[in-house]
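Sequence lines set the chain letters: A, B, ... in the order given, protein chains first and strands last, and positions in each chain run from 1.
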Amino acid sequence: MTNYFSKVSSKDIDYLEKLCGSNNVSTDEEDLVTNAIDAQLGGFHKPEVVVWPETSEQVVEILKYADEKKIPVYPRGGGTGLTGTVPVHRGIVVNMKKMNKIVEIDEENMQVRVQPGVVYDALNKELERYGLFFPPDPSSGAACTIGGMAASNASGLKAVKYGTTREYVLGFEAAFPRDGLQRLGTKTFKYSLGFDVVKMLIGSQGTLAIFTEINLRLRPLPESMETSAAFFSSISDATKAIYKIIRQGLDVAALEFMDKPTMGAVSEFKKIEFPNAEAMLLIETHGSKKAAYEEMERCISVVKENGGFEIWHASSKEDRERLWSARKGAYPSVLKLGRFTLISDVIIPLSRLVEAVEKAYSIGKKYGLRTSCIGHFGDGNLHVNWGTGDNGEKIESLHRANDELNRWVISIGGAVSGEHGIGTEKKSYMRLQHGESYNLMIKIKRLLDPNYILSPGIAFDLDDLLNKSG
Amino acid sequence: MFRQRTLDKVLNDYLYDVLKCVRCGFCNSVCPTSNISLSYRDSRTSRGRIVLLQAKHSSVLNLSIESNAIQELMDLCFGCRRCLEVCPAGVRIPQLIWRVKSSGPLRLNKFFYTYYGTFEKLGAMIPTLSNLLVKSNFGRTLLEQILDIDRNAPFPSFYGDSLEKYIKKHSSSNGDRGRLALFIDVFTNYHDVELGIRTVNLLQRLGYRVEAPPQMEAGTLALEFGALKRAVKIARFNIDSMYEFIKNDGKVITISPAAYVALKIDYPELLGDEKSRIVAENTIDIVDILLNEYDDGRIRFKGPVENAVYHHSCFTKAARLTTSVKRLLELAGYKLTEFEECCGIAGIWGLIKKHHEASREIGNKLFTKIEHAQMPVFSQSETCRLQLKHYTNSRIMHPLEGVMDRILL
């Protein structure tokens, strides 16, 4: 199995340098190491060479060459993934950082065409001038790329109202190992002409194609926003309030949950003194000035009816940004509690949220872990941060606890990833999550990438792919 | 035989900072050197530098931290401290990079920058000759050959006399409002002396006695060049001197944000003792003094409403003085347009030959915005003003220069 792929030879390096220019190819140790890891608690997997293509044609040629030579290829965006999307079978990392141009802003049709290396926040900063935005808003927005977001179907704080990346990708230009450069999708918001290959590629984690351009649908920036923080003396009160807000059909743009340990960590990060509470919710409403205000009023009534004992309103843009930057820094802030931390990304049917949080705490207790919970509870997405403090010897228990939660979540009809994707970390759940239909994914993979050169070891086990009976 | 130092020994307590980095990449989003054309390589970014150290700790990196390759990458961090504002895990990035740099080889220019306070003092003693030297082709070639200062980079002129001497000569005997020790740092002391003199005169008119207790340079360059022992020595001297002053009911005042950052942030971090904590607590910037005077009704402002640009210098941000500076300028009648981009000079980093081009690239966006704005520009940092004067045609001033003529006592 280990010999299935070819090693990168000096001839291969020469070819890549001729194709992309010697400045855009590196076998230097410092470049291999910095392309060997993402933001997951995992080890380094050094590639044999890193390439920074500048054109779609170069990407096509790299894939064609690698396919002929059976060399693994790993596309890389911002490297902010939390699931270990790293070159486990070495080979070539195709780093998309130089393909970072906003190609066309079509203001009239509210669309933008970008290269995959464009950073999420940078795109929205540019779009702001047109009164438009790309809404999914992952916490890693300051550093993650649009290509990476599409590859993992990322979303985040505003998914409860605006949905995930999947809802915004209208089309791709993508390079395939055997099928070259393909333009997929249309410029329309819907069409009814055959399979939706665009949607199939979203969340494919670089296993089927490398995106070279992405056409995104945009939304107008809301005229007005209202942001409030509500504090509760029990987690169940907070989760009940969330359920009622959703059940009553209130139009929230964000409905974020933080428990006490997380509040403590972000309080230190942003120097915000929170009241003594067991849980807090961050609520945001968007719309016309009147609509956003009235919707927030309705949310606040529900919060009060369900035990919210203190409510803060962000009275300025600065206040709002401070609250959101605190929330976005919640995961790394929690690391102050100890450097060995694993984050789960489960998504749960709304009616089971209270139970899920309780389950997470009880599993954490069982394994002697520090447990804290944050989540985009408006859509049922719970992130449990499991930590061993600084005790590296207990790392195994992090994985065992996470595994126990993941299996329970699947058993109640949830999913083990809401927005982070599969990587190396969650591929072992693919069969459990999808059952027999996992074999359909394997068949599609075999069809589009018969030599399995694209991101081997990510999302699919190479063994599963090579086992023809699977 | 030369033995390589282990990462643990080089970093000491800062090793934990390296290990707790989760590689979220937030630092890259604000790091000036992570956002230029060469930084498509992750190894040339802020996060990349931490990843390399993590890899070294995990025995994955096949390079020593003393190696040229690693030291060159660490040299890209110029200590702007913007990362400290956004790092959710609280990783002390500039501080740990200083420690990695400290394991690098000794070079002549490093020696010079480590003792830059002494060399500046010498330069100021013979101002005519020094200015002739820094303005002549011969002098610039010499500076480039010996000190690596790019011949096209901006370089400040020597004023002639030092601010320290001026204060000693003109220290008024009375001072019913209290005693203030001016912690000056080299730029204000030897180059921007006029601004210092005007500030001292203003404070005296407000009833303060301004003094200049014995002091060395702030030591920022020693830190940036990884000369930690020297930096600690400087910090010790300055803290002991300022502490003695404070003990006798005095306060310490700064004009330069680098001086403020040294007393408020760097020295307590380097020394970790009670004295440095007390000095930090009793240090106030001139901007906050003027705001206090305004809030107490002792001064008013009068002047026409004027549009101006306020440039957030890295050290003003690090010192958390931005809000105060903005408020002061607005009280004085300025309608501000704010530019947050880094100018790229970063103390002396942008003057050094190997960084000069990158420095210009970092600053380009800001230079273009300033040229388009066509307004006077306020920036608190002395070297930012040097860079902006060099690369733009706008009028560049310290905020005090725009405010002092509008103060009514």
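One finds the OG atom of A:Ser139 at 6.5 Å from the CZ atom of B:Phe26 (value rounded to the nearest 0.5 Å). Between the CZ atom in A:Phe44 and the OG atom in B:Ser59 there is a gap of 10.5 Å [rounded to 0.5 Å]. Rounding to the nearest 0.5 Å places CG of B:Asn62 at 9.5 Å from CG of A:Leu32. Note that CD of A:Glu29 and CG of B:Leu63 are 5.0 Å apart. Values are rounded to the nearest 0.5 Å. Note: B:Arg44 CZ to A:Glu30 CD = 9.5 Å, rounded to the nearest 0.5 Å.
Listed by first and then second residue, the ring-ring contact (aromatic ring centres under 6.0 Å, His included) pairs that reach into residues 29-80 of chain B are A:Trp52-B:Tyr40, B:Phe78-B:Trp349, sequence neighbours excluded.
Among residues two or more places apart in sequence or in another chain, the side chain to side chain donor-acceptor pair (under 3.5 Å) test is passed with B:Glu338 by B:His312, B:Lys326. Partners of A:Ser316 under the side chain to side chain donor-acceptor pair (under 3.5 Å) rule, at least two apart in sequence or in another chain, do not exist in this structure.
Per-residue heavy-atom pair counts under 4.5 Å with chain A were compared for B:Val91, B:Asn28, B:Leu19, and the maximum is reached by B:Leu19. Across A:Asn100, A:Asn95, A:Asn23, A:Asn24, the residue that shares the most heavy-atom pairs under 4.5 angstrom with chain B is A:Asn23.
Identified by a heavy-atom distance below 4.5 Å to chain A, the contributing residues of residues 45-52 of chain B are B:Thr45, B:Arg47, B:Gly48, B:Val51, B:Leu52, in residue-number order.
A donor-acceptor contact shorter than 3.5 Å links the side chain of B:Arg23 to the backbone of A:Gln40. Between the side chain of A:Lys46 and the backbone N or O of B:Val60, at least one donor-acceptor pair lies under 3.5 Å.
A side chain to side chain donor-acceptor pair (under 3.5 Å) with B:Ser43 holds for exactly one of A:Asp31, A:Asn35, A:Thr34; it is A:Asp31.
A:Ala143 and B:Gly25 make their closest contact through CB-O, 3.6 Å (heavy atoms, listed as atom of the first residue, atom of the second, distance). The nearest pair of heavy atoms linking B:Ala55 to A:Val33 is CB-CG1, 3.3 Å.
Contact annotation for B:Glu85: only backbone heavy atoms (N, CA, C, O) come within less than 4.5 Å of a heavy atom of chain A. Only the backbone of B:Val86 comes within contact range of chain A, with at least one heavy atom under 4.5 Å from a heavy atom of that chain. Of the two parts of A:Asp121, neither the backbone nor the side chain holds a non-hydrogen atom closer than 4.5 Å to a non-hydrogen atom of chain B.
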